[in-house]
Amino acid sequence: MLDPRLLRSQTDRVAERLARRGPVFDRARFEGLEARRKALQTETEALQAQRNAGSRRIGQTKAKGEDASPILADMDRIKRQLADNEQALAALQTEFEDFAFGLPNLPADDVPDGEDEGDNVELRRWGTPRPAEGARDHVELGEALGQMDFAAAARLTGARFVVLRGGLARLQRALTQFMLDLHTQEHGYQELYVPYIVNADSLRGTGQLPKFGEDLFALDPANTGGADWRLIPTAEVPVTNLLRDEILEAETLPKKWVAHTPCFRAEAGAAGKDTRGMIRQHQFEKVELVQVTRPEDSACALEELTAHAEAVLRKLELPYRVVALCAGDLGFAAAKTYDLEVWLPSQNRYREISSCSSFGDFQARRLLARYRHPQTKKPELLHTLNGSGLAVGRTLVAILENHQNPDGSIAVPAALQGYLGGRSCIGR
RNA sequence: GGAGAGGUGGCAGAGCGGUCGAAUGCGGCGGUCUUGAAAACCGCUGAGUCCUUGCGGCUCCGUGGGUUCGAAUCCCACCCUCUCCGCCA
């Protein structure tokens, strides 16, 4: 969430920066809420101070063996008024929090202007895109190999799932191992294993709740003791929430974590989009990079993290481009985002395969994720970043489409062959 | 799933319903001493938040309710941890 103090003290500036995303900030509503909160909170805290002072006096009076009943009579009035005030304040605070939690992050100053996807700015390209002519798509290739089966998955579960067999199942595993090894051995990340089911507090911490609950699969409360547990939509949730309510020592920073998890997305509102193939599934594998830095280091860390994700594409010999998202296309919690888009010849265009974002202190504030400043010794909010490194399912799609041979077999990039028992080709 | 014990500051660990945000120890920071370090001694040392920024106020002792003028302390429910038993990949 945004800094409430900044919101109050520099409302103009905040409104201006939020306006770059579009009409997301109802300023009149904010100012109304804020005026009521201020009055009510000040009054309530004053009453609490009276109550505390009165109670103390009663204790002292009784200790001296004197009669405390005059004070007690006065306390009755304070008590009743306080009960009313506290109730009203709690309601108002809930309303205020709902409002504040609904506000997206401020775009970083160097984020390009723009309303939507069309205004994103391409920064660089790598590799030579394979022409669309003669290129079969991954569904055709996978099914012809007899190793990618959507019909079977539909029978097991429903739409937007897949069964992989033999070489392609192994290819997915190989891709995962390759990515983990690259990030841990060459890029300095620590590998984590984390729960795939998280509670509502964790989802609030990273910003999936309260706004985006419909995109998450929820467990039956009958099986959770009534708790609100969801399947993770990304490893970002359990990994970043490791910081919740923590105060880290400065010398332990930056934290660089990598985790491979399945990701579960209800994809509410995506009906009709990418219904063919493995591009948009309810369940997919992802290797996620997370960094936690001091505030002054987060800008560099984003460049570094993006380069780490790019390294995967290069080693897999997959043509891609890097795009800076414009203000209007930024995700809710992001201050700045680079998307990596891999070339898909069957679609004759680049498709997102990784999204690398800096969140500034937006997530850290919700999480109360802090570090102790070496000079002031005071806790200060950390900066969080993450990016896919990469989405494994989409990487598999890209491998198939970019490295297909005329006979329908798939050439295995050199970097991956060691993970496939030395094989250089996946065929029937 | 059953039985028992327990959740208090960075850690360990006290805490008769009444100046308790909380003894004490360790750790950390600063100082004295020292050529330097250690030891010893002295002092400081939780977090969040509000406003009229004051040597201010409020909130926080697993979570949520309740009793009370007043709750870390009493009552209820839940969560978690540990030990033992059962079950299980």
Side-chain angles (χ1 to χ4, degrees), chain A residues 1-11 30-31 33-97 99-101 193 195-205 219 221-230 238 241-253 255 361 363-382:
Chain A
M1 65 190 281
L2 296 177
D3 183 355
R5 275 172 295 195
L6 189 72
L7 206 49
R8 280 194 279 272
S9 64
Q10 299 189 45
T11 313
F30 167 74
E31 284 172 345
L33 280 170
E34 172 58 14
R36 284 160 59 207
R37 180 206 61 80
K38 189 167 170 174
L40 194 56
Q41 183 170 349
T42 309
E43 190 184 317
T44 305
E45 289 183 359
L47 281 168
Q48 285 171 328
Q50 282 180 44
R51 178 202 57 196
N52 293 345
S55 294
R56 222 168 290 138
R57 258 189 302 139
I58 290 169
Q60 287 161 355
T61 306
K62 285 191 173 175
K64 281 186 267 178
E66 294 168 12
D67 178 22
S69 54
I71 314 173
L72 274 158
D74 203 34
M75 293 299 284
D76 189 54
R77 175 188 59 80
I78 294 171
K79 191 188 177 188
R80 263 200 302 272
Q81 200 183 340
L82 189 55
D84 289 348
N85 271 52
E86 281 179 338
Q87 202 178 357
L89 185 61
L92 187 60
Q93 268 164 348
T94 303
E95 197 179 341
F96 190 90
E97 269 169 33
F99 178 82
F101 269 55
Y193 171 78
Y196 303 158
I197 298 173
V198 293
N199 60 33
D201 282 344
S202 294
L203 291 156
R204 261 190 294 277
L219 269 66
N223 296 325
T224 66
D228 184 4
W229 285 5
R230 317 282 180 114
N241 272 279
L242 288 171
L243 301 165
R244 180 141 48 91
D245 292 324
E246 292 285 341
I247 302 174
L248 303 180
E249 293 305 324
E251 59 269 20
T252 67
L253 298 169
K255 296 283 186 192
D361 60 15
Q363 289 181 328
R365 185 169 295 103
R366 294 184 170 216
L367 293 163
L368 271 188
R370 296 150 294 172
Y371 77 108
R372 201 167 290 283
H373 193 280
Q375 267 83 54
T376 65
K377 306 294 177 197
K378 286 290 165 193
E380 292 188 14
L381 293 172
L382 291 159

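Letters go in sequence order (proteins before strands), and every chain restarts at 1.
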Please determine whether a side-chain nitrogen of the Lys or Arg among A:Asp201 and A:Arg204 lies less than 4.0 Å from a carboxylate oxygen of the Asp or Glu. yes

Assuming nearest nucleotide by heavy-atom distance, tell me which of A:Pro4 and A:Ile247 is located more 5' along RNA chain B. A:Ile247

Looking only at atom P, what distance separates B:rC41 and B:rA47, rounded to whole Å? 27 Å

Of the non-hydrogen atoms in A:Arg77 and A:Gln50, which two are nearest, and what is the gap between them? NH2-OE1, 4.2 Å

With sugar-phosphate meaning primed atoms plus P, OP1 and OP2, does A:Arg80 contact a base, only sugar-phosphate, or nothing at under 4.0 Å between heavy atoms? nothing

Going by an N to O cut-off under 4.0 Å, is there a salt bridge joining A:Arg80 and A:Asp76? yes

Less than 4.5 Å apart, side chain to side chain, heavy atoms only: is that true for A:Arg36 and A:Phe96? no

For a quick check of understanding: with a heavy-atom distance under 4.0 Å over all strands, which category does A:Lys38 fall into, base, sugar-phosphate or nothing? sugar-phosphate

What does A:Arg365 touch in the nucleic acid at a heavy-atom separation under 4.0 angstrom: a base, only the sugar-phosphate, or nothing? nothing

Take A:Arg37 and A:Arg8, measure what side chain to side chain contact (heavy atoms under 4.5 Å, CB included) needs, and give me the verdict at the end. CA-CA 12 Å; A:Arg37 180 206 61 80; A:Arg8 280 194 279 272; 3.6 Å; yes

Do A:Asn241 and A:Val198 touch side chain to side chain, with heavy atoms closer than 4.5 Å? no

What I'd like to find out is whether the side chain of A:Glu86 reaches to under 4.5 Å of the side chain of A:Gln48, using heavy atoms alone. yes

Please report the distance separating the P of B:rC85 from the corresponding atom of B:rC78, rounded so that it comes out in whole Å. 26 Å

How far does the C1' atom of B:rU34 sit from the matching atom of B:rC60, given to the nearest Å? 44 Å

Where do A:Arg57 and A:Met75 land on the side chain to side chain contact (heavy atoms under 4.5 Å, CB included) test, with the steps shown first? CA-CA 11 Å; A:Arg57 258 189 302 139; A:Met75 293 299 284; 6.0 Å; no

Does A:Glu86 or A:Leu368 map to a spot on RNA chain B nearer the 5' end, using the closest nucleotide for each? A:Leu368

Sugar-phosphate only, base, or nothing, as touched by A:Arg372 at under 4.0 Å among non-hydrogen atoms: sugar-phosphate

In dot-bracket form, 5' to 3', how is RNA chain B paired? Count Watson-Crick and G-U wobble pairs only if both distances fall under 3.5 Å, and write | where the partner sits on another strand. ((((((((.[[[..)..(.....]]]((((((.......))))))((((((..).))))).[[[[[..)....]]]]])))))))....

Find out whether A:Leu33 and A:Leu92 are in side-chain contact, i.e. whether some heavy atom of one side chain is under 4.5 Å from a heavy atom of the other. yes

Mind checking the C1' distance from B:rG9 to B:rA5? Whole angstroms is fine. 23 Å

Any side-chain heavy atom of A:Leu203 sitting closer than 4.5 Å to one from A:Asp228? no

Quote, to the nearest angstrom, the P distance that separates B:rG65 from B:rA72. 15 Å

Are A:Leu248 and A:Lys255 close enough that some pair of their side-chain heavy atoms sits under 4.5 Å apart? yes

May I ask you to list the residues of residues 39-53 of chain A, by number, that have any heavy atom positioned under 4.0 Å from an atom of RNA chain B? A:Gln41, A:Glu45, A:Gln48, A:Ala49, A:Arg51, A:Asn52

Whole-Å C1' distance, B:rG66 and B:rC58: 23 Å

Is the shortest heavy-atom distance from the side chain of A:Leu382 to the side chain of A:Asp361 under 4.5 Å? no

Which whole number of Å gives the distance between the C1' atom of B:rG62 and that of B:rC55? 34 Å

Outermost nucleotides of RNA chain B that come under 4.0 Å of a non-hydrogen atom of chain A: B:rG18 to B:rG70

Sticking with atom C1', work out how far B:rU32 lies from B:rG21, rounded to a whole angstrom. 31 Å

Looking across every strand, which nucleic acid part, if any, lies under 4.0 Å from A:Pro379 by heavy atom: base, sugar-phosphate, or nothing? sugar-phosphate

